[in-house]
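Since the structure comes first, as structure tokens, the remarks are kept for the end.
Within every chain, numbering begins at 1; the chains are lettered A, B, ... in the order of the sequence lines, protein sequences first and strands thereafter. All heavy atoms count here, side chains included; hydrogens, waters and symmetry mates do not.
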Protein chains: 2
Amino acid sequence: MDLSNINIEQYLRNNDVKPSYQRLKIFEYLVKHKNHPNVDTIYQELVSAIPTLSKTTVYNTLKLFLEKGIVQPILIEENEIRYDADVTVHGHFKCEICQEVYDIPLDLSDMKTEGLEKFIIKESHIYFKGICKRCNIANAQ
Amino acid sequence: MDLSNINIEQYLRNNDVKPSYQRLKIFEYLVKHKNHPNVDTIYQELVSAIPTLSKTTVYNTLKLFLEKGIVQPILIEENEIRYDADVTVHGHFKCEICQEVYDIPLDLSDMKTEGLEKFIIKESHIYFKGICKRCNIANAQ
DNA sequence: AATAAAATTGTAATCATTACAAAATAGTAT
DNA sequence: ATACTATTTTGTAATGATTACAATTTTATT
């Protein structure tokens, strides 16, 4: 799902979120940057443009976005929660060297999931850890 | 991988972990119960048998086990880290009703992972959220 | 038994997150 | 436009999980 050209204000309204200035800017940051930031990164990146911004607002807003299903949390490392405005099923890859998180297109449809009969799957998450292409090539020099 | 009949002391030694009493008991708990506990659960379950046990020791020990690769962290919810002594690739399913975490056998070998050429994958993690069979059937009554 | 090394423990410090109440903003009715 | 109400934002304090650290205990070695 490509959100880069949506009308963010309308998208928030459609998902039952009143588009306040802070909410618009936080969601816009997620859509524009696709860098899977954590709360602190979002705060640091926006506070210069919104000097009154409070970190509590970032927490509140992300919690709201999660409840409305317009962001998903990315859990890869034990000590950080990152956020992604793309809520379609796709995987993530975190590089242990540069720490970057990449989106990975995934097709889980033909995955064998024996033992899940009668289970209702509402969310699927998959992630990988290792060394990314760029760091791999850089290391090989 | 079934660890239920291994010699835990030998298994720890083989993985470069000196088998102290606390380490034995903590690893034994993980192997015997397979309930994917968090730090606090492990501590609460063992403190009656080891009255001097400190929660710091549980943290230290799990950190050591992680470094040696004999446990893996399970990240499903934002606010809890659970641990699994089965470090082979398999999935997990957390029920949103009973909160239980199930092991799911998985075969990722035929998964399409376009966009990962030249990436070195060292770990693969997959998890699902939803309603488990037991709660699903109970609800349907 | 004496010494050194390693592991455990308890307390204090840290850090991320949440609770909460006051202030600011937006929306509605008069 | 004004008064009133509801919502959102903000800052501070509280919470809770994890880590740092030094003292104690245990284990291993001489």
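The separation between B/I50 atom CD1 and D/dT26 atom P is 13 Å, rounded to whole Å. In this structure, A/L46 atom CG and D/dT10 atom P are separated by 11 Å, rounded to whole Å. With rounding to whole Å, B/K55 atom NZ is found 14 Å from D/dT19 atom C1'. Here C/dA16 presents its C1' atom at 10 Å from CG of A/N38, a figure rounded to the nearest Å. Atom OH of A/Y59 and atom C1' of D/dT12 are 15 Å apart (whole Å). Rounding to whole angstrom units, CZ of residue B/R23 and C1' of C/dT9 are separated by 14 Å. To the nearest angstrom, P of C/dA6 lies 12 Å from CG of B/D16. The distance between atom CG of B/L53 and atom C1' of D/dT26, rounded to the nearest whole Å, is 15 Å.
Between A/T56 and D/dT10 there is no side-chain polar atom (N or O) within less than 4.0 angstrom of OP1 or OP2. At C/dT25, none of the side-chain N or O atoms of A/Q22 fall inside 4.0 Å of OP1 or OP2 (strictly under the cut-off). The phosphate of C/dT9 (OP1 or OP2) has a side-chain N or O of B/T57 nearer than 4.0 angstrom.
Against DNA chain C, the stretch residues 61-85 of chain B makes no heavy-atom approach under 4.0 Å.
B/N15 has its side chain out of reach of B/F65: every pair of non-hydrogen atoms, C-beta onward, lies at least 4.5 Å apart. At least one side-chain heavy atom of A/L64 sits under 4.5 Å from a side-chain heavy atom of A/E67.
Backbone-only engagement by B/S20 is indicated by non-hydrogen atom pairs under 4.0 Å involving sugar-phosphate atoms exclusively. Residue-level contact check: B/K18 touches the backbone only, with heavy atoms under 4.0 Å from sugar-phosphate atoms and none from bases.
In the hydrophobic clustering of ILVMFWY residues, with side-chain heavy atoms under 4.5 Å counting as a link, B/L66 and B/L75 come out together. Transitive grouping of hydrophobic side chains (ILVMFWY, heavy atoms separated by less than 4.5 Å) brings A/V47 and A/I42 into a common cluster.
A/K94 has a carboxylate O that lies under 4.0 Å from a charged side-chain N of A/E80, or vice versa, which qualifies the two as a salt bridge.
In B/K129, the NZ atom is crowded: over 12 heavy atoms of neighbouring residues, nucleotides or ligands sit closer than 6.0 Å.
Judged purely by distance below 3.5 Å, without hydrogens or angles, the side chains of B/N38 and B/T41 pair a donor atom with an acceptor atom.
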